[in-house]
Amino acid sequence: MSANASIATLFNQIADALEVLGENQFKVMAHRKAARILEDLSDDVAELCKSDPDKLKSIDGLGASSVQKIQEFVATGKIKAHDEVLAKLPPGLIDVLRVPGLGPKTVKLLWDQGGVTDLTTLKSQLASGALEKLPRMGAKTLQNIAENLAFLETAGDRARLGDAMPIAETFVTQLRAIKGVTQAEFAGSLRRGRETIGDIDLLVATEHPAPVMQYFCSHPLVAKVLVSGDTKSSVRLNNGMQVDLRAVPAMNWGAALLYFTGSKDHNVILRERAIERSMRLNEYGLFADDGDETPPQQRGVKPVASKTEQEIYIKLGLEWIAPELRESHGEFDNNLTKHLVCAGDIRRELHCHTTASDGFLSIEQLIETAKSRGFDAIAITDHSRSSAQANGLSVERLREHAANIRAASAKIKGIHVLVGSEVDILADGHLDYPDDVLAELDWVVASPHTALKQTPEAATARLLAAIANPFVHVIGHPTGRILNGRPGLEPNMKLVIAAAAKAGVALEINCNPARLDLRDALVRAAHEGGAMISINTDAHDGEHFDFLRYGILTARRAGLTAAGCVNAWPWKQFETWRLSRGRAKSLKNS
DNA sequence: GCCGTTTTCGGCCCGACTGTTTTCAGTCG
């Protein structure tokens, strides 16, 4: 685990412990915010402590106390304040907070008066009936705790973006079909395009929410209704995923969509801007602050803005900010919305596989698929010889495959076909084919597939060696991570990005939702560091071309522009760059 | 704990829903 992730974990644990101990809630929130900042930070904090400690101190949300803790961890591997605050609680008590519905107050009560010290004692105390005499512990509450504890024991990780999106879209389509529903969208982290999703947030506009709530709670995918109110319901699906639905009148649509899209930190800043302008913002709208404590929407006060997100941003002195940027990462000072790359900008696919290695489409099918999507080119990049598990090509098979690709290309007009390879970057940084073989190719994606647990130093040297090879165009899925699977390489990305920028090698956003590699924060660092980005689906089948949307969301979260993405460049510009690498040959038919 | 174009002290977002309550505490997002 990186230092950033380790420290973020400790900060979250401090927050959990402080909360159970009943400490100031703003102190708790400050620790959680610091943890979020560390998780999203592209720089390695250990590196930063050494090379640029001032940058650490300048990060908004990290104060003197947090910086001191970070420096302490980097120097000693521990945080004294963490040890001290956790020593005040039984070792397993903060795990009890993970049970849905159990917050700090209840956990404190269970500990003080119920003999609960961890998840095991919670289970045994529930079974023994010892908790029944506690205040506010009725039969219903105890039953919910037992059910939620059982759920926690089987619950998996956060859902991947690519798993949550199709489910959300199914619901949205069905909700839109209900009479009286004028609008329906998914919101939350899904709309912001985060790589993993805690739960799916759905929003509908309707003047008649009752039938919508009834439809939702009785949906065939629903395993358990968690909450069901007049305007808000939550359910757990058969696959364990939680889905929340909120219904609002059409006139409140924009305010609600803004509110439920988040992020939390983005919304806090919006509300602060509202207060600075003598207004208040909630999920019903932006209202003039008249000093009355009762919420304005309950008094029939007409909002200043509420129907669309755009008009709310405008009244707050801002232009609309794309959901992918709403993470409080500088979007208020530098709103890149108008410049972000979008799916329509993508003109070519530069990493995909045929049946020659581990794909499911023939060369012809792959080319036709790319053509049908309106692409001007496709690079066919089957695996190299070391990827035996993926039926990687020997040099002989590669040459035969190349001839087959050129033959197919000659038959299919209207699209450029690049003969390429996804070449393994071996553990020591050597590529899986010798340079004279690479020189026969139009296009080279170099990717790590094995030895993904090597040290950061070895990983850095490995990627730098691949970048230094003059035949390489793109480093494919640079870290090799699998979401909810394996962490992958942890190279010094500052050095990798600088080298890629200098050499003119692109770094990939692999769109496969299990990968999304590079991840958003590293794409941001790469783009800002002057490295080119290549967004590729790594398609092994026709439908994998649809993964592009996930790569685009990741790119937009990073503030990537079309100009920074080689897949979006005009063909001539792309060719000039491609041919500048190694001795790649120009296409016969170009 | 963090922050500052009125502030180095005094604020820091707020509403829906549930369960246990006779008026509200706790959780969640």
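Since the structure is predicted, the reported quantities are computational estimates derived from the model, not experimental observations.
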Q | Whole angstrom value for the distance that separates P of B:dG29 from CG of A:L203 | A | 16 Å

Q. Just how far, in rounded Å, is C1' of B:dG1 from NZ of A:K57?
A. 17 Å

Q: Map A:F26 and A:A34 onto DNA chain B by nearest heavy atom, then report which one ends up closer to the 5' terminus.
A: A:A34

Q.
Between B:dG1 and B:dT5, how far apart are the two C1' atoms, rounded to whole Å?
A. 24 Å

(Q) Does B:dG19 have OP1 or OP2 under 4.0 Å away from a side-chain N or O of A:K140? (A) yes

(Q) Taking 4.0 Å as the cut-off, does a side-chain nitrogen or oxygen of A:Y259 come that near to OP1 or OP2 on B:dA16? (A) no

(Q) By nearest atom, which of the nucleotides B:dG19, B:dT27, B:dG15 is closest to the A:R280 side chain? (A) B:dG15

Q: Give a yes or no on whether the ring-centroid distance for A:H82 and A:F73 is below 6.0 angstrom.
A: no

Q: Tell me which nucleotide among B:dG15, B:dG19, B:dT27 gets nearest to the side chain of A:Q297.
A: B:dG15

Q) Within less than 4.0 Å of OP1 or OP2 of B:dT20, is there a side-chain N or O belonging to A:T141? A) yes

Q) Taking the same atom, C1', in B:dT20 and in B:dT27, what whole-Å distance lies between them? A) 14 Å

Q: Provide, to the nearest angstrom, the distance between the CG atom belonging to A:L270 and the P atom belonging to B:dC13.
A: 13 Å

Q: State which of B:dA25, B:dC13, B:dG15 makes the closest approach to the side chain of A:R136.
A: B:dA25

Q.
Rounded to whole Å, please give me the gap between CG in A:D201 and P in B:dC28.
A. 15 Å

(Q) Looking at B:dG26, which nucleotide sits across from it as a Watson-Crick or G-U wobble partner, both distances under 3.5 angstrom, or is there none? (A) B:dC17

Q. Within the pair A:S234 and B:dC28, is there a side-chain N or O less than 4.0 Å away from OP1 or OP2?
A. no

Q. Looking only at side-chain N and O atoms, does A:N282 come under 4.0 Å of OP1 or OP2 in B:dG15?
A. yes

Q) Parallel, tilted or perpendicular: which fits the ring planes of A:Y215 and A:H219, with parallel below 30° and perpendicular above 60°? A) perpendicular

Q. Between B:dA25 and B:dT21, how far is it from one P atom to the other, in whole Å?
A. 13 Å

(Q) Does B:dG1 have its OP1 or OP2 closer than 4.0 Å to a side-chain nitrogen or oxygen of A:K69? (A) yes

Q. When the distance from CD of A:E272 to C1' of B:dC14 is rounded to whole Å, what number comes out?
A. 14 Å

Q: Round to the nearest Å and state the distance from A:L134 atom CG to B:dA25 atom C1'.
A: 15 Å

Q | Atom pair distance, as rounded to whole Å: CG in A:D265 and P in B:dC13 | A | 11 Å

Q) Which nucleotide in the list B:dA16, B:dT18, B:dC13 gets nearest to the side chain of A:V227? A) B:dT18

Q: For nucleotides B:dC2 and B:dC13, find the distance between their P atoms and express it as a whole number of Å.
A: 16 Å

Q: Mark yes or no: A:R32 above the aromatic ring of A:F11, with NZ or CZ under 6.0 Å from the six-membered ring centre and no more than 45 degrees from the axis.
A: no

(Q) Tell me whether the side-chain N/O atoms of A:T231 come closer than 4.0 Å to OP1 or OP2 in B:dC17. (A) yes

Q: Give the nucleotide from the list B:dC3, B:dC2, B:dT27 with an atom nearest to the side chain of A:S65.
A: B:dC2

Q: Take the protein atom CZ of A:F11 and the nucleotide atom C1' of B:dC2, then report the distance between them rounded to whole Å.
A: 13 Å

Q) Taking the C1' atom of each, how far is B:dA16 from B:dC12, in whole Å? A) 22 Å

